[in-house]
Amino acid sequence: MKPYQQVAPHVRERLEIAVLTGEHLSLQWADEDSDRAYMGRIQPREVVENGDGRTYLDAIDEDGAKIRIRVDLIRNLPTPVK
């Protein structure tokens with residue numbers, strides 16, 4: 001597992017806006033344990049911080065499955081909604 005790296009506050013804010021507005025995001029991210037790369041369109045549900053300071057994005061993928069993405073492993077930050 002890669003060590004967690006703190007993310008800038010604007011990253012968390014951007015994801016929280018997506019949650020609040022029901023926005024779908026096209027993201028690229030890595031798996032926390034295997035570093036396997038993923039790409040897909042997801043619907044963010046909640047930005048959560050666990051007890052050790054790591055921030056996660058809970059979301060639903062295109063197939064309706066619940067997924068949890070470690071925020072520092074997102075490889076492309078979505079552009080703002082206009």
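Fair warning: this is a prediction, and the values are worked out from it, not measured in the lab.
When all heavy atoms of Ile60 and Arg45 are compared, the closest pair comes out as CD1-NE, 3.2 Å. Here the closest heavy-atom approach between residue Val71 and residue Leu57 is recorded as CG2-N, 3.9 Å. The two atoms that bring Arg41 and Ser26 nearest to each other are NH1-OG, 3.6 Å, heavy atoms only. Leu77 approaches Arg14 most closely through the heavy-atom pair CD1-CG, 4.3 Å.
Placement of Val7 and Leu25 within a single hydrophobic cluster is found when ILVMFWY residues are connected by side-chain heavy-atom separations under 4.5 Å, directly or transitively. Under the 4.5 Å side-chain heavy-atom criterion for Ile, Leu, Val, Met, Phe, Trp and Tyr, Val11 and Leu73 are members of distinct hydrophobic clusters.
Every side chain to side chain contact (heavy atoms under 4.5 Å, CB included) that Arg12 has, sequence neighbours left out, goes to Glu16, Val47, Glu49, Thr55. Residues satisfying the side chain to side chain contact (heavy atoms under 4.5 Å, CB included) test with Ile67, not counting sequence neighbours, are Trp29, Ile42, Ala59, Asp61, Ile69. Asp58 pairs by the side-chain hydrogen bond (donor to acceptor under 3.5 Å, both in side chains) definition with Arg68, not counting sequence neighbours. Remark: Asp31 pairs with Asp33, Ser34, Arg36, Tyr38 by the side chain to side chain contact (heavy atoms under 4.5 Å, CB included) rule, at least two apart or across chains. With sequence neighbours excluded, the residues satisfying side chain to side chain contact (heavy atoms under 4.5 Å, CB included) with Asn50 are Asp52, Arg54, Tyr56.
Annotation: the span from Gln43 atom CD to His24 atom NE2 amounts to 4.0 Å, rounded to 0.5 Å.
Checked by atom type and distance alone, the side chain of Asp72 never pairs as donor or acceptor with a backbone atom of Tyr4 at under 3.5 Å.
Side-chain atoms of Leu15 and Ile74, non-hydrogen and from C-beta on, do get closer than 4.5 Å to each other.
Salt bridge status for Asp35 with Arg75: present, with a side-chain N to carboxylate O gap under 4.0 Å.
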